[in-house]
Amino acid sequence: MTFKPSEVMFLPGDRNALVFRGLIMKPVEDFRIFNGFSCARPDDKDKDIDHFIRDDAQRYFKDKVAVTYGLFFNERGWKTRYPLGFATLQNDAIEIPYKDYYPNMPAVKIGRFGIRLEQQRKRYGSTFLLMICQFMGQPNNRTGCRYLTLNTYPPLINFYEKNNFTVLGGKPPNPRSTKQLVMYLDLLARSIHR
Ligand SMILES: CC(C)(COP(=O)(O)OP(=O)(O)OC[C@H]1O[C@@H](n2cnc3c(N)ncnc32)[C@H](O)[C@@H]1OP(=O)(O)O)[C@@H](O)C(=O)NCCC(=O)NCCS
């Protein structure tokens, strides 16, 4: 997706909320907005993703294990509206040796990621990933974070590759494999900032 960096901006007075093309991402404060939310399809491997967002994400937040960001249409009353999707972010590290200085590199993991079932295949997932890249890749971050990481299954490699992620260690020989794999994205890659 091509875009101008000036299209991505923080909500005035809120460095945690990012605005882009009629959408807004913001940490979730009241998880009741996910009552009835569903993103898993019958053929999805990650079937407990709905259970996670409805029942566990709040505990992850309270225990400081992960922060969940909601994706909303940027319209009046958006904070209380039913979200388009969510991304649960947590600290991580990735073993990618860099210039011999660092044995591994700081990362943020997209632990869980989902777009509401009836809004899938409309580019919201790709746009949300772009917003997360811009959010974590900002030059004045509070802490060092060089990569985004995630675990996924072979059927979704294509989706994440289209969004600039790479399979760590190369693609599995068997695309039907049910084994989880790690994908990563370098936040300094030039391709993600235009
Ligand atoms: C995976 C998911 C986040 C993608 O979001 P989305 O908004 O539907 O995806 P986009 O519209 O941005 O997709 C862009 C392209 O990626 C590919 N793609 C998207 N979803 C795909 C899927 N489930 N399987 C295979 N390819 C997929 C397609 O090529 C698609 O382009 P097309 O619609 O023109 O064919 C969403 O389908 C979802 O929430 N799935 C259920 C939960 C899940 O699997 N989460 C990820 C766990 S790692």
Side-chain angles (χ1 to χ4, degrees), residues 1-3 7-8 18-28 31 33-57 60 65-74 78 81-92 94 107-136 147-172 174-185 187 191-194:
M1 185 184 304
T2 50
F3 68 99
E7 287 184 89
V8 187
L18 201 73
V19 178
F20 178 66
R21 292 189 184 167
L23 297 173
I24 185 160
M25 66 173 264
K26 163 100 177 132
V28 176
F31 285 78
I33 58 172
F34 288 105
N35 287 345
F37 180 98
S38 178
C39 62
R41 290 176 308 187
D43 55 332
D44 281 336
K45 290 277 180 296
D46 200 359
K47 285 209 175 54
D48 73 341
I49 191 164
D50 289 344
H51 166 69
F52 171 80
I53 189 59
R54 294 198 292 240
D55 304 325
D56 294 339
Y60 275 55
V65 170
V67 173
T68 293
Y69 287 75
L71 183 71
F72 306 86
F73 288 121
N74 189 7
W78 61 268
R81 292 280 168 89
Y82 199 47
L84 271 171
F86 74 94
T88 301
L89 306 185
Q90 57 196 155
N91 291 349
D92 195 13
I94 184 167
V108 159
K109 180 175 177 176
I110 305 177
R112 297 293 177 114
F113 184 66
I115 296 294
R116 195 164 114 192
L117 204 49
E118 55 285 16
Q119 297 285 6
Q120 289 179 11
R121 303 302 264 262
K122 298 181 185 173
R123 300 287 186 274
Y124 291 123
S126 300
T127 307
F128 198 6
L129 287 177
L130 184 151
M131 291 170 81
I132 295 167
C133 288
Q134 298 305 308
F135 186 70
M136 295 312 308
Y147 290 90
L148 291 181
T149 60
L150 54 86
N151 292 349
T152 193
Y153 297 96
L156 284 178
I157 291 177
N158 183 35
F159 166 71
Y160 288 115
E161 281 185 339
K162 281 184 173 179
N163 289 291
N164 298 304
F165 282 79
T166 305
V167 179
L168 186 68
K171 286 192 204 182
N174 176 7
R176 289 165 188 266
S177 157
T178 52
K179 213 177 139 196
Q180 277 207 4
L181 42 90
V182 177
M183 295 187 78
Y184 68 96
L185 175 152
L187 288 165
S191 55
I192 65 163
H193 295 293
R194 57 185 161 76

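Both backbone and side-chain heavy atoms feed into the values below; hydrogens, waters and symmetry mates do not. Position 1 is the first residue of the sequence, and the numbers go up from there. Just so you know, ligand 1 is whichever comes first in the structure, and atom 1 is the first atom listed for that ligand.
In R112, neither the side chain nor the backbone holds a heavy atom less than 4.0 Å from any atom of ligand 1.
The closest protein non-hydrogen atom to atom 32 (P) of ligand 1 is R123 NH1, 3.7 Å. The protein heavy-atom contact nearest to atom 40 (N) of ligand 1 is Q120 NE2, 3.6 Å. If you check which protein heavy atom lies closest to atom 29 (O) of ligand 1, you get K162 NZ, 2.6 Å. In terms of protein heavy-atom proximity, atom 39 (O) of ligand 1 is nearest to I115 N, 2.8 Å. Taking atom 45 (N) of ligand 1 as the reference point, the nearest protein heavy-atom neighbour is F113 O, 2.7 Å. The shortest contact between atom 5 (O) of ligand 1 and any protein heavy atom is with G125 CA, 3.6 Å.
When Y153, Y160, F159 are checked for heavy-atom proximity to atom 47 (C) of ligand 1, Y160 turns out nearest.
For N74 (side chain) and R21 (main-chain N/O), no donor-acceptor pair under 3.5 Å exists by modelled atom type. Using a distance-only test at 3.5 Å, with no hydrogens or angles considered, no donor-acceptor pair links the side chain of Q180 to the main chain of N151. Proximity of a side-chain donor or acceptor of Y160 to a complementary backbone N or O of L150 within less than 3.5 Å is not detected. For Q119 (side chain) and L84 (main-chain N/O), no donor-acceptor pair under 3.5 Å exists by modelled atom type.
Checked against the 6.0 Å centroid criterion, the rings of F31 and F37 do not qualify as a close aromatic pair.
Nearest approach of Q134 to L18, heavy atoms of both residues: CB-CD2, 4.2 Å. In this structure, A40 and I49 approach most closely via the heavy-atom pair CB-CG2, 3.8 Å. Closest heavy-atom contact between R54 and G36: CD-N, 3.8 Å.
Near K122, meaning under 4.0 Å from any of its heavy atoms, are these atoms of ligand 1: 11 (O). Distances below 4.0 Å separate heavy atoms of Y124 from the following atoms of ligand 1: 7 (O). Per-residue contacts place L156 under 4.0 angstrom from the following atoms of ligand 1 (heavy atoms of the residue considered): 1 (C), 21 (C), 22 (C), 23 (N), 24 (N), 44 (O), 46 (C). For ligand 1, the atoms lying closer than 4.0 Å to a non-hydrogen atom of T152 are 48 (S). Annotation for ligand 1: atoms under 4.0 Å from non-hydrogen atoms of N158 are 29 (O). Counting the atoms of ligand 1 from 1 in the order shown, those under 4.0 Å from a heavy atom of P155 are 24 (N), 25 (C).
Sparse packing is recorded around NZ of K171, with 12 or fewer heavy atoms of other residues, nucleotides or ligands lying under 6.0 Å away.
For N151, the heavy-atom gap to ligand 1 drops under 4.0 angstrom. Heavy atoms of L150 come nearer than 4.0 angstrom to ligand 1 in no pair at all.
Considering backbone and side-chain atoms together, S126 places an N or O closer than 3.5 Å to an N or O of ligand 1. Considering backbone and side-chain N/O atoms, G114 never comes within less than 3.5 Å of an N/O atom of ligand 1. For ligand 1, the polar-atom distance check finds an N/O of R121 within less than 3.5 Å of one of the ligand's N/O atoms. Below 3.5 Å of separation, one finds an N or O of R41 facing an N or O of ligand 1.
Below 30°, between 30° and 60°, or above 60°: for F34 and F86 the angle between ring planes is above 60°, a perpendicular geometry.
For the atom pair CZ (F20) and CG (L130), the distance works out to 5.0 Å, reported to the nearest 0.5 Å.
With respect to the salt-bridge test (charged N to carboxylate O, under 4.0 angstrom), the residues R112 and D48 qualify.
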